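Worksheet: the structure to be examined is printed underneath.
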Amino acid sequence: MKRVAFSLAAAGILSVFSHGAHGEAGDYVRQAANAFEQGRFQEAAKLAEANGHADAYAFAARAVLAEAMCGQEQPASEILDRAEMLARAALGDDPEHIEGRLQLAIALSLKARAMSRTRAWQTGYGTEVRDLVEAVLIDDPTNAYAHGFMAVWHVEVVRRGGSIGASIMDASLPEGLGHYATAVELTPDDPGLHWQMARALAAHNPRRHRDKIEAALSAALAANNENALDAVMVRRASVLSQALRTLSANDVKRLARDML
C-alpha cells in the first residue's frame, strides 16, 4: 500500500518530481530521493529545488519540513519560512498542486504552533490551513496524508480554542477521529500518522483519550520503519508510551504539547 503521511517510500518520492527525467536530471532525482530516505533532508531539498517545477518545489518543501519535524524544539522561523517559500513556489507553478497545498498547510500550522492563541487567530493561519487541506480532499478524497492532517487539525483547534474557538472554526473531536479512521484505513502502516494523532490527543486530554492514545501508539510502534523520518516518529511514540505508563496526566499533557 502506498505510504503518504510524513514520509514516502523511495519509489514514491521518485514519482513525485521525476517528470520522466533522464540522464543527469534523472540522477538528481534519484540522489534527492536517496538523501531523503537516509535523513539528509537539506541535501534532498537542494537537489529537488534545482529541478525548478511544481513537483520538485513541493518535494523540497517536504524535505525541509521533515528536517524541522526531526528537531527536538519548535523549528526555527527561517526553516519554516523556507518551507513556506518552496510550497508557494510550487503553487506559483501550479495553483492546484496537491502536494504544494499540503506542504504549505504544514508550514503554516507549525508557524501558528509557536504563537499565542490570539496571535495565531490574527494571522488567519488556522482558516487558511483548513481551506487548503479541505480543498485537497475535494480534489483527492482518498488522500490519506490530508485526512491525517485534518484529524490533528480538529483536535488541535479544540484544544487551543476551546468550545468557542472550535465552534467558530467548525472543529470537533468526532470529525478529527473520523478523519483519522479514514487515514488509517487508507494507510495503516505509517508510524507518523499514528504518532501525530496520539500526540494531539495526549496534549488535549490524556485521561479522557487514554484508550485511543494507547491504540495509536501501539500502531505506531508496530508500523513499518522504512526511513530516517519513520525512525524518529517511532522513537517519539516509544517515549510517549513510556510516559503514559509512568507520569501523571498533567505531565503527559505537558510532554505531548512540547513534542513535534
Side-chain angles (χ1 to χ4, degrees), residues 4-8 10 12-14 16-19 21 25 28-116 119-120 122-133 135-136 145-146 148-149 152-153 156 192 196 227-233 236 258-260:
V4 280
F6 280 112
S7 57
L8 288 175
I13 295 172
L14 287 167
V16 167
F17 64 101
S18 62
H19 274 325
Y28 275 101
V29 170
R30 286 186 288 273
Q31 289 169 20
N34 290 336
F36 187 99
E37 290 297 299
Q38 295 169 21
R40 305 193 312 275
F41 300 120
Q42 284 294 342
E43 178 184 343
K46 290 178 181 178
L47 287 165
E49 186 179 0
N51 279 264
H53 53 75
D55 289 348
Y57 287 134
F59 177 78
R62 176 191 286 270
V64 171
L65 288 168
E67 181 178 60
M69 291 299 298
C70 286
Q72 296 300 314
E73 300 177 350
Q74 169 69 21
S77 60
E78 56 266 27
I79 294 176
L80 299 181
D81 288 344
R82 185 181 177 211
E84 180 183 355
M85 179 273 292
L86 289 165
R88 291 193 186 279
L91 296 178
D93 190 49
D94 176 2
E96 303 303 315
H97 198 268
I98 295 291
E99 186 74 4
R101 283 182 279 177
L102 289 172
Q103 298 309 319
L104 179 57
I106 295 172
L108 296 181
S109 67
L110 286 171
K111 284 189 170 188
R113 175 188 170 100
M115 299 174 180
S116 68
R119 177 58 182 151
Q122 291 171 341
T123 64
Y125 283 164
T127 301
E128 184 174 2
V129 163
R130 179 199 62 203
D131 292 348
L132 282 165
V133 184
V136 166
Y145 193 0
F149 184 95
V152 174
W153 181 87
E156 290 290 318
Q196 286 296 332
N227 56 46
L229 189 55
D230 284 350
V232 172
M233 300 297 105
R236 289 180 181 167
D258 289 340
M259 298 177 86
L260 288 172

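Nothing here was measured: the structure is a model prediction, and the numbers come from that model.
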Nearest heavy atoms of [X] and [Y], plus distance in Å:
| X | Y | answer |
| --- | --- | --- |
| Phe149 | Ala105 | CZ-O, 3.8 Å |
| Ser109 | Val129 | N-CG2, 3.9 Å |
| Gln74 | Leu110 | NE2-O, 2.7 Å |
| Tyr145 | Ile106 | OH-CD1, 2.7 Å |
| Gly126 | Trp153 | O-NE1, 3.5 Å |
| Ala58 | Gly100 | CB-N, 3.8 Å |

Task: Heavy-atom side-chain proximity of Val232 to Met69 below 4.5 angstrom - done: no
Open item on the list: Is the shortest side-chain heavy-atom distance between Leu260 and Pro75 below 4.5 Å?
Closed with: yes
Open item on the list: For Arg88, give me all partners under salt bridge (charged side-chain N to carboxylate O under 4.0 Å, His left out), at least two apart in sequence or on another chain.
Closed with: Glu84, Glu128
- [ ] Please list, chain by chain and in numerical order, all residues satisfying salt bridge (charged side-chain N to carboxylate O under 4.0 Å, His left out) with Arg236, sequence neighbours excluded.
- [x] none
Open item on the list: Taking salt bridge (Lys or Arg N to Asp or Glu O under 4.0 Å) as the cut-off, I'd like each qualifying pair that reaches into residues 63-81, sequence neighbours left out, listed once.
Closed with: Asp81-Lys111
Contacts of [X] that satisfy side chain to side chain contact (heavy atoms under 4.5 Å, CB included) - sequence neighbours left out:
| X | answer |
| --- | --- |
| Ile79 | Val64, Ala68, Ala76 |
| Asp93 | His53, Ala54 |
| Ala50 | none |
| Ala87 | Ala61, Gln103, Leu104 |

Open item on the list: List the residues meeting side-chain hydrogen bond (donor to acceptor under 3.5 Å, both in side chains) with Glu156, not counting sequence neighbours, and say none if there are none.
Closed with: Arg159, Arg199
- [ ] For Arg40, enumerate each residue passing the side-chain hydrogen bond (donor to acceptor under 3.5 Å, both in side chains) test, keeping only those at least two apart in sequence or located in another chain.
- [x] Gln38, Glu43
Task: Listed partners of Phe41 passing ring pair (Phe, Tyr, Trp, His ring centres under 6.0 Å), at least two apart - done: Phe36
Task: Full working for side chain to side chain contact (heavy atoms under 4.5 Å, CB included) between Asp55 and His97 - done: CA-CA 8 Å; Asp55 289 348; His97 198 268; 2.5 Å; yes
